[in-house]
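In what follows, a structure is listed as structure tokens, so that the remarks can point back to it.
Both backbone and side-chain heavy atoms feed into the values below; hydrogens, waters and symmetry mates do not.
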Amino acid sequence: PTCIGQKHRPVVGFAGFHGAQALYRPNCGATTCEINSPRNSIIIEPNLPVIEGKEISMKGKFFPVKNGVKVKEIEDYLKSTSGYKKLMTTPESFHKIKETFEQVGENIYNYFMLFDECHKIINDARFRTSITGILEDFFKCKERSLISASPFSSEDIELFKQQNFSICNTKLEKRYKKDITVISTNNTVQVLKNILSKNTSREYFIFLNSIDTSLQLIEKLGIKNESNIYCSGDEHNKNKLYRNGLFFKQCRRISLFGRL
């Protein structure tokens with residue numbers, strides 16, 4: 001790969017690349033570059049909101065495969081597209097693409113496969129079997145790449161080497177960092193209560209890795225009428241939100257993000 005710029009221009013060229021790439025900052029244009037690259041490709045995104053965001057910013061440049069999309073629709077796209085074919089999906093919907101390729105008699109492994117935010121493979125493996133199930137097909141592709149803005153650990157790099165992967169570290173033209181405030185406490189609820197009470201007109205976004213913790217915070221802080229919870233749409237989460245009356249449509253002041 002070649003680094004050719006900062007945000008708003010393609011950052012990474014994946015042509016002929018077989019490996020893992022550390023991007024060092026999010027939203028730098030790596031997936032956009034692949035969408036615009038001159039070849040057929042399948043891009044795996046761990047979460048649906050990323051695909052929906054790309055649909056808005058790059059409308060018509062790829063075919064999104066998600067909930068509600070039928071195999072026949074994918075087949076129609078493959079047959080009607082004369083140029084390079086671009087498919088974007090989540091691990092949960094990848095099976096539709098595979099089924100379509102089998103029906104039309106096209107070799108899916110001739111497509112370049114890009115797995116975005118590949119650190120999710122490890123982070124989400126315990127509760128998303130689909131995210132690891134796709135790896136067998138990923139490694140059968142003739143050309144493939146893993147990318148992430150989260151740093152690779154030494155263990156990750158060793159596994160990549162076992163797969164004969166090259167490691168590419170994208171170098172930024174200028175240093176990218178933002179100041180954060182770190183608060184050490186043994187009473188998270190009280191600290192959060194103090195923060196929320198300082199400015200009652202401000203919107204707050206809280207990121208947690210547990211729906212149960214989110215529900216407990218909402219109850220302890222008494223902020224149910226001000227809060228929304230955003231999480232994955234599996235039945236387990238839906239039932240929890242339904243039981244707690246947390247299916248909201250309107251925007252609220254406090255947003256808690258669980259596993260998406």
Heavy-atom pair of closest approach, residues [X] and [Y]:
X	Y	value
Thr89	Ile97	CG2-CD1, 3.6 Å
Asn36	Met58	OD1-CE, 3.8 Å
Leu78	Glu106	CD1-OE1, 4.4 Å
Lys96	Thr100	O-OG1, 2.7 Å
Ile35	Lys86	O-CE, 3.2 Å
Tyr111	Ser41	CD2-N, 3.6 Å

Interatomic spacing from [atom1] in [X] to [atom2] in [Y] - rounded to 0.5 Å:
X	Y	atom1	atom2	answer
Ile218	Asn225	CD1	CG	10.5 Å
Lys70	Asp76	NZ	CG	13.5 Å
Ser145	Phe138	OG	CZ	6.5 Å
Leu146	Glu117	CG	CD	12.5 Å
Phe115	Cys141	CZ	SG	12.0 Å
Ile43	Leu87	CD1	CG	9.0 Å

Hey, mind stepping through Gln216 and Asp212 against side-chain hydrogen bond (donor to acceptor under 3.5 Å, both in side chains) and telling me if it holds? CA-CA 6 Å; Gln216 289 170 13; Asp212 291 328; 5.9 Å; no

Do [X] and [Y] make a side-chain contact, defined as non-hydrogen atoms from C-beta onward lying under 4.5 Å apart?
X	Y	answer
Leu217	Val189	yes
Asn199	Tyr204	yes
Ile147	Leu114	yes
Leu215	Ile229	yes
Leu192	Leu221	yes
Glu226	Leu196	no

Side-chain heavy atoms under 4.5 angstrom apart, residues restricted to Ile, Leu, Val, Met, Phe, Trp, Tyr: same cluster for [X] and [Y]?
X	Y	result
Ile211	Ile206	yes
Tyr77	Val71	no
Ile183	Leu208	yes
Tyr84	Phe112	no
Tyr109	Phe94	yes

I'd like to know whether NZ of Lys85 has more than 12 heavy-atom contacts from other residues, nucleotides or ligands below 6.0 angstrom. yes

Atom CD of residue position Gln190 - does it have more than 12 heavy atoms of other residues, nucleotides or ligands inside 6.0 Å? yes

Decide whether Ser37 and Glu34 meet the rule of one side-chain donor and one side-chain acceptor closer than 3.5 Å. yes

Any donor and acceptor pair, going by atom type alone, linking the side chain of [X] with main-chain N or O of [Y] inside 3.5 Å?
X	Y	result
Thr200	Ser197	no
Thr185	Asn187	yes
Arg144	Phe139	yes

Those residues at least two apart in sequence (or on a different chain) that pass side-chain contact (heavy atoms from CB on, under 4.5 Å) with Glu55 are Ile51, Glu52, Phe62, Pro64, Lys66

So, are Arg39 and Glu143 salt-bridged, with charged N and O less than 4.0 Å apart? yes

So which of Thr90, Asp137, Ile134, Asp116 actually passes side chain to side chain contact (heavy atoms under 4.5 Å, CB included) with Ile44? Ile134

